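Below is one structure, written out as structure tokens, with a few remarks after it.
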There are 2 protein chains.
Amino acid sequence: MDKWSQVTLNDVAREAGVSSATASRALNGTTRVRADLRERVLAAAERLAYTPNAHAQALARASSQAVGVICHDVSDPYFAGISGGVMRAAAEHDLHVIMGSTFRDPARELSYVSMMRGQRVRAILLTGSGFEDRAWQGAMREELARCAAAGTRIAAVSRHHGLRVDSVLPENRAGAAALARALLGLGHRDFAVLTGPPVITTVVDRLAGFQEALAEAGVRIAPDQIVEGAFSRDGGHRAASELVARGLRATCVFASTDIMAVGALAAFRDHGLTVPGDVSLAGFDDIPVVGDLTPPLTTVALPLEEIGRRVMALALRPATAGRSRVERVPGTVVLRASTSAPAARPRRERSPRPLTETPG
Amino acid sequence: MDKWSQVTLNDVAREAGVSSATASRALNGTTRVRADLRERVLAAAERLAYTPNAHAQALARASSQAVGVICHDVSDPYFAGISGGVMRAAAEHDLHVIMGSTFRDPARELSYVSMMRGQRVRAILLTGSGFEDRAWQGAMREELARCAAAGTRIAAVSRHHGLRVDSVLPENRAGAAALARALLGLGHRDFAVLTGPPVITTVVDRLAGFQEALAEAGVRIAPDQIVEGAFSRDGGHRAASELVARGLRATCVFASTDIMAVGALAAFRDHGLTVPGDVSLAGFDDIPVVGDLTPPLTTVALPLEEIGRRVMALALRPATAGRSRVERVPGTVVLRASTSAPAARPRRERSPRPLTETPG
DNA sequence: CTGAAAGCGCTTACAG
DNA sequence: CTGAAAGCGCTTACAG
């Protein structure tokens, strides 16, 4: 009934009538063991339902079979998608996954890394994007140096400013720029952006790329048409409502994340605005559901599962001395029905219902 | 650069000029340690960036700080939601989460449990529903007995036939029955069901509950109006298309999972059928997005995150001798626009477009 | 309160 | 090929 009832290697050895060294070798297949002894050991292990104590193995071997994965929130479809790829890859390589959700708290990210270092994981995957925060970067850099010293590999998804780790980089900047050009191509000149917390590098990059491409076409977004919100469905809903409250002058709104776009779509509907009739709407990521919305959302598609597999692959490759490896993953602009040419009719017609109505 | 450069407790002890026993006690706060010595140890640990080797601790203490979580697929919104709750709870209790995705392979579920037993986790959470498979149940029962013998707690979400483990039971049967009654209340008498793989207990329960309630009203579903598909968006799309191909005679379709309903909604649209004009559609789970679809989906809401927290809480409570604990979580019928009274017009008008058109 | 020592369950040079 | 022994890094009775 208690912990001491565990079957140990010694039990197996005794049962098989050999030394624990031989039992270990037979079980691991590391060294040649006389066939009949091996058989006896295997049979004994089977009979006793022996499972090696992973901690003892890790201690004796000075290495474990685990990798650590840190994301912002597994229940967010973006991370759920990446995590799916990571889990597949882990299963293929017989690795255990220790998962940590930071809920976007930089301090928690730091403490997870140190915890995983304590677990002596083979590698740590940082799948959330970095934070634009000097102090945090410094602390993280120190922590990662300790990991490196311990032989723990590090690989990241997205840009982690000042960390120089091997990374899979979704082309947030270029993707947003390409999206902007596509929207310009539809005839839009007045844009608004729903953006996330500016400490998150992904947010910065997408906004920068979008504005850059617009600037090349001589188009500028009015400051009051850039609204910040939480990276969530409700955050998008609130941000879009805020935009409407400020007076929506744009013909096209870019939500820097699909999940925000989902909320924005609902908000526009709640305010009596049709998409794309009154306003076009585009997102980023191509999470599973956006193609099934009405209208389906224009977005920049990222191969989330593949990103997960690739960051794992990167982490499993031995470190290269000196500089860090970077793999870029392009985003693909997917034009769907949520964006169309801007309506030719006068502004008045696009004005929202009075704000006294309750949004959903 | 290599694994041997780890800072150990001995290094800290030496640096602080005390024995490793004292260093250990100071760090853990288990026993009174003279204040000045404690200070010196803490300072030394800080200076050396010491992180205890979790494996050595687990070995010496004969217990670890980890819990194992096994689900079918983290990237599925249902499990993503539950996992979110589990992660929160884990963070609150300072537990590490080892996560395994089985991709609905019973063998993999078994091997994960044994692997986690090897990790000597405190508890294992089975968040996927069980399999209706005798052989598997037998093997799992043995495996769980070994866990129990090792002091590893087990808790599950959903019904695991023949396993008698502490469980959080979403009321699949009652929820589906309540949904059926609500749909009957709208005036429907002709139903179809899109169901999942019948080895999954959740599938069995939802279908049974739905049919049961219909039977009480004297309504029966024609066998050819029950279509099986994969538990995924595309599985739902294919199942709905198959239903249309067979000749959709129902005025209302129940998809046993929201994720299937999402696919079904798209399929109906692709076939030129409007929801709920031509056919009403309902799902189950209330995953985040279904309220934002057009039309928003009627469903049975399950508090996914809370289910996650509760299964963790259950696992953390000590085992009760003898019988297993069961916590029921009711589902709430949420009527949305995807279901309405059946159209009064003749069948002809609801007939689909010819099947030669390509579905999306 | 503190330290020397044994022990947790494995692996792996080191001798045979 | 096999076994006795040391060692992985910690914790914890056991004596002081």
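Chain letters run A, B, ... following the sequence lines, proteins first and then strands; every chain starts at 1. Here the structure is a predicted model, which means the values were calculated and not measured.
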Item to check | Interatomic distance at C1', C:dG16 relative to C:dT12, whole Å | outcome: 16 Å

Item to check | Residues which pass side chain to side chain contact (heavy atoms under 4.5 Å, CB included) with A:Glu142, listed by chain and number, not counting sequence neighbours | outcome: A:Arg146

Could you list, one pair per line, each protein nitrogen or oxygen that sits under 3.5 Å from a nitrogen or oxygen of nucleotides 10-14 of chain C, together with the distance?
{"residue": "C:dC10", "atom": "OP1", "partner": "A:Tyr50", "partner atom": "OH", "Å": "2.6"}
{"residue": "C:dC10", "atom": "OP1", "partner": "A:Asn53", "partner atom": "N", "Å": "3.1"}
{"residue": "C:dC10", "atom": "OP2", "partner": "A:Leu9", "partner atom": "N", "Å": "2.2"}
{"residue": "C:dT11", "atom": "OP1", "partner": "A:Asn28", "partner atom": "ND2", "Å": "3.1"}
{"residue": "C:dT11", "atom": "OP1", "partner": "A:Gln57", "partner atom": "NE2", "Å": "2.9"}
{"residue": "C:dT11", "atom": "OP1", "partner": "A:Arg61", "partner atom": "NH2", "Å": "2.9"}
{"residue": "C:dT11", "atom": "OP2", "partner": "A:Ser24", "partner atom": "OG", "Å": "2.5"}
{"residue": "C:dT11", "atom": "OP2", "partner": "A:Asn28", "partner atom": "ND2", "Å": "3.2"}
{"residue": "C:dA13", "atom": "N6", "partner": "A:Arg25", "partner atom": "NH1", "Å": "3.3"}

Item to check | Spacing between B:Leu37 atom CG and C:dC1 atom P, to the nearest angstrom | outcome: 11 Å

Checklist entry - Rounded to whole angstroms, how far apart are CD on A:Gln119 and P on D:dC8? => result 20 Å

Next on the checklist: Reading 5' to 3' and counting Watson-Crick or G-U wobble pairs with both distances under 3.5 Å, write the dot-bracket notation for DNA chain C, | for bases paired outside the strand.
Outcome noted: |||.||||||||.|||

Item to check | d(CD, A:Gln6; P, C:dG9) in whole Å | outcome: 8 Å

Checklist entry - What integer distance in Å separates A:Leu59:CG from C:dG7:C1'? => result 12 Å

For residues 304-313 of chain B, run the donor-acceptor check on the side chains, cut-off 3.5 Å, and write out each pair with its distance to 0.1 Å, sequence neighbours left out.
{"residue": "B:Glu305", "atom": "OE2", "partner": "B:Arg309", "partner atom": "NH1", "Å": "3.4"}
{"residue": "B:Glu306", "atom": "OE2", "partner": "B:Arg310", "partner atom": "NH1", "Å": "3.1"}
{"residue": "B:Arg309", "atom": "NH2", "partner": "B:Glu92", "partner atom": "OE1", "Å": "3.4"}
{"residue": "B:Arg309", "atom": "NH2", "partner": "B:Glu92", "partner atom": "OE2", "Å": "2.8"}
{"residue": "B:Arg310", "atom": "NE", "partner": "B:Glu327", "partner atom": "OE1", "Å": "2.9"}
{"residue": "B:Arg310", "atom": "NH2", "partner": "B:Glu327", "partner atom": "OE1", "Å": "2.9"}

Next on the checklist: Less than 3.5 Å apart, any donor N or O on the side chain of A:Ser111 or A:Ser114 sitting next to an acceptor on the other?
Outcome noted: no

Item to check | Pairing residues for B:Glu132 by the side chain to side chain contact (heavy atoms under 4.5 Å, CB included) criterion, not counting sequence neighbours | outcome: B:Gln137, B:Arg159, B:His161, B:Thr201, B:Val204

Checklist entry - Can you list the residues that meet the side chain to side chain contact (heavy atoms under 4.5 Å, CB included) rule with B:Ala156, with sequence neighbours excluded? => result B:Leu126, B:His160, B:Val165, B:Ser167

Next on the checklist: Tell me which pairs pass ring-ring contact (aromatic ring centres under 6.0 Å, His included) where either residue lies in residues 78-124 of chain B, with sequence neighbours left out.
Outcome noted: B:His72-B:Phe79

Item to check | Residues that A:Ala13 engages under side chain to side chain contact (heavy atoms under 4.5 Å, CB included), provided they are two or more places apart | outcome: A:Val18, A:Ser20, A:Ala23

Checklist entry - Restricting to pairs with a member in residues 38-48 of chain B, which pass side chain to side chain donor-acceptor pair (under 3.5 Å), not counting sequence neighbours? => result B:Glu15-B:Arg47

Checklist outcome for this item: Rounded to whole Å, CG of B:Asp36 lies from P of C:dC1 at a distance of 12 Å

